[in-house]
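Keep in mind it's a predicted model, so treat the numbers as computed, not measured. Below, each value reflects all heavy atoms present in this structure, side chains not excepted, and no hydrogens, waters or symmetry copies.
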Amino acid sequence: MRKIIVYCELQNDEPSKISLELISKARELATDDGTVIALIVGRPENPQFKRISTAGADKIIVLNEPIFEQYCPTTFAEGIFRVAENEKPDVMLFGATCEGRELAPCVTTLSGVGLTADCTGLRFSDDGMLEATRPAFSGNVYATIVYDAKPYCATVRRGVFAEKNFDRKTTVVYKNVFIETPRNTEILNNIPEYGAGNEIENAKILVAGGAGVKNYNGFELLKDLAHEAGANVCASRAATEKGLADESLRVGQTGKTVNANFYLACGISGAAQHIAGITSCGTIAAINTDKDAPIFEYSDFGYVGDFAQIIPLIVQKLKIQKEKEI
Amino acid sequence: MEKLKTTVFVKQVPDAREIKRKEDNTLDRTNAENIINPCDEYALEAARGVENNEITVASMGPMQACEMLDKLAARGAKNLYLLSDKRFAGSDTYATSYVLAQFVKKYTPDADLILCGQISTDGDTAQTGPGIATRLGYSLVTNVLEVEAVENGYVLVTQKTECGTRRVKANFPAVVCVKKIGREPQIPTITETIAAKGIKTTVLTADDIDADPEKIGLKASPTRVKKVFVPKMKREGKIFADAEEFAVAVAEEIKKAGKNA
């Protein structure tokens, strides 16, 4: 029987979405007779135990001593390590967030075990080993990582696994652990940033523009569609170099790697360096005037034509869809 | 305040912008020159921005990295070390952080500040810095965007978070992992160039840092790459003849993608 601990990160005092996604994935990996533990460190005002339970946890452990009042990687890692020492899990999962990627290596160093960063796939092999898959060389290749000792630990990317609904009986345990090291950092103030967390790396739907979009008005069309679709706009290198879109929106080897569920490429020819950034997207569709553009080979479906004529048509279809739902 | 002592860790990496994928889907690194890992360059620049700071720069890697290190003397490094030993080969982040922590214990035990890059372009794990901090029992801040001030006993930094930034005070000795700072690395000043004269890299082996041979290299690395594969690249490429049908298909995908959280 497998035992899996998921570090349940808090965001604004609630369990973060990635944590819930991981609890559901852990449930699947642990199978029905295994145990999934959600580990909370801190004193959340709104811990949403019900939602953690529904996501698939059997047990919620809360470390809520005063020392955990404020986040500090040293003390938090030691707390998590103490729980792991006690529970002896087979697997430990963390979200590949700023906090998760800071904490996880501290915990695994204390435990003396390995860690795979920023995974996009997790499965048990037939011989009971965890196989973690992660992109390498800017998504040019993927590597499957195995471990030589338990617990098998990984940080996992957002949005790769879905939060699901399970019907589990969940117990909540408040635990005291011995922390040797005093807190050695202090957070003075948080400065929230408008639009943070809304970067293209986190987008579920992306509308991308390339050299074929030609001008500012063209990008305005893409923005209209993005607005209607709840999507983000991104761009190819050619478009950012023309100044049509901001550098931060560049996708590809010299830009960002994205993993949207749906990617619509408009006026993008499909240079290898752009493709390298989009291969982990769910479905890819393309619009291009050149029927021989390589982008079509890398797309699930496409249309040969002018994006400026097709985009308004898609917007119209989305509006019809919404009316039907109402 | 008194003189600050800082150790900066840097790594030599192939220039990722020049790595191309070949027709057979293998990686072509022939045009990729070895460069200093971009985040590490910002880490050194952050150290250089602190006045009255004695900087030691160290790197683990093959002998060829000496050339890169030597050049860093003109960018504020007073001492340069290359940890190079065949026995280090194959180390993952776990074994690497052991080697670097051993170096600190042996050569810069009085360093107030350990600076390293947030992430390397060839490994992408961001695990070595936290590993060093944990092994040494130092405080840790990652994803740092600015080293704002150094006071007696602590460093004040700006850290990137999921929803913005925050200011964090880290007690000395501290490990600070720098993502990027507000200014680009500056070319050496004349004073720095003169001061750099004669400073050469010292090469150290596993024995020099009292490394336990059982804790270094491939055998001491708890993770292994089982296989490397190329993700599915080519897709169906179904071309719609009818614009209406295409628009409907896109709208359907958008609906599905939005729901699939």
Side-chain angles (χ1 to χ4, degrees), chain A residues 73-74 97-98 101-102 105-106 109-110 113-117 137-138 140-149 162-163 184-193 196-197 204-205 229-230 254 261-262 264 272 279 283-285 296-305 310 313-314 317-318 321, chain B residues 16-17 19 21 27 92-94 97 124-127 130-131 133-135 137 139-143 160-171 222-240 243-244 246-251 253-255 257-258 260-261:
Chain A
T74 313
T97 57
C98 293
R101 292 190 74 173
E102 180 171 83
C106 297
T109 303
L110 289 171
V113 295
L115 173 66
T116 310
F137 286 107
S138 319
N140 266 305
V141 293
Y142 277 68
T144 300
I145 311 289
V146 291
Y147 306 77
D148 68 0
E163 180 187 347
N184 51 22
T185 55
E186 187 187 342
I187 298 169
L188 301 178
N189 58 345
N190 278 297
I191 307 151
E193 200 174 286
K204 282 189 262 182
I205 306 167
T254 56
N261 295 330
F262 181 61
L264 179 65
T279 43
T283 304
I284 299 173
F296 289 119
E297 278 185 65
Y298 302 106
S299 302
D300 296 282
F301 62 96
Y303 183 77
V304 181
I310 304 298
L313 211 52
I314 301 170
K317 300 294 171 206
L318 285 172
Q321 219 175 51
Chain B
R17 288 165 301 188
I19 300 176
R21 192 204 296 271
L27 297 181
D92 70 358
T93 60
Y94 183 78
S97 69
D124 254 9
T125 69
Q127 286 167 193
T134 305
R135 287 176 187 277
S139 68
L140 169 71
V141 204
T142 63
N143 265 310
K160 184 186 178 301
T161 66
E162 292 302 312
C163 41
T165 57
R166 64 187 175 202
R167 289 168 76 229
V168 180
K169 204 172 122 176
N171 294 350
T223 55
R224 261 180 308 117
V225 176
K226 190 181 176 189
K227 64 171 181 192
V228 172
F229 61 97
V230 173
K232 188 188 94 177
M233 298 269 297
K234 298 219 167 161
R235 300 180 184 226
E236 197 185 343
K238 182 187 167 192
I239 301 289
F240 281 77
E244 282 281 330
F246 175 76
V248 169
V250 169
E253 285 295 336
I254 287 172
K255 188 175 166 190
N260 179 10

Residue among [options] with most heavy-atom pairs under 4.5 Å to chain B:
options	result
A/T74, A/L110, A/I284, A/T116	A/I284
A/A143, A/A117, A/G114, A/C98	A/C98
A/T109, A/N184, A/D148, A/I310	A/N184
A/I145, A/T185, A/N189	A/N189

**Q.** Engaged part of B/Y94 at the chain A interface, taking heavy atoms whose separation is under 4.5 Å
**A.** side chain

On a heavy-atom basis, which atom in [X] and which in [Y] lie closest, and how many Å separate them?
X	Y	answer
B/I254	A/A229	CG2-CB, 3.5 Å
A/I205	B/G258	CD1-N, 3.8 Å
B/E236	A/D300	CB-O, 3.8 Å

(Q) Is the shortest side-chain heavy-atom distance between B/L140 and A/C106 below 4.5 Å? (A) yes

In Å and rounded to the nearest 0.5 Å, what is the [atom1] to [atom2] distance from [X] to [Y]?
X	Y	atom1	atom2	result
A/I191	B/K160	CD1	NZ	13.5 Å
B/E253	A/N261	CD	CG	9.5 Å
A/F301	B/R235	CZ	CZ	11.0 Å
B/N143	A/E102	CG	CD	7.5 Å

Q: Heavy-atom pairs under 4.5 Å with chain A are the metric here; pick the option from B/G137, B/A249, B/A133 that has the most.
A: B/A249

Region of [X] in contact with chain B, defined by heavy-atom distances below 4.5 Å:
X	result
A/V113	backbone
A/I187	both
A/S299	backbone

Q: Dump the intermediate steps for side chain to side chain contact (heavy atoms under 4.5 Å, CB included) on B/V250 and A/F262, then the final yes or no.
A: CA-CA 9 Å; B/V250 169; A/F262 181 61; 3.8 Å; yes

Q | N/O donor-acceptor pair under 3.5 Å between A/R101 side chain and B/T125 backbone | A | yes

Q.
Between B/E162 (side chain only) and A/T97 (backbone N and O only), is there a donor and an acceptor less than 3.5 Å apart?
A. no

Q) Looking at residues at least two apart in the chain, or sitting in another chain, which of them share a side-chain contact (heavy atoms from CB on, under 4.5 Å) with B/S97? A) B/T128, B/I132, B/R135

**Q.** With A/V304 via side-chain contact (heavy atoms from CB on, under 4.5 Å) - residues at least two apart
**A.** A/K291, A/F296, B/I239

Q | Worked check of side chain to side chain contact (heavy atoms under 4.5 Å, CB included) between B/V225 and A/T144 | A | CA-CA 6 Å; B/V225 176; A/T144 300; over 6 Å; no

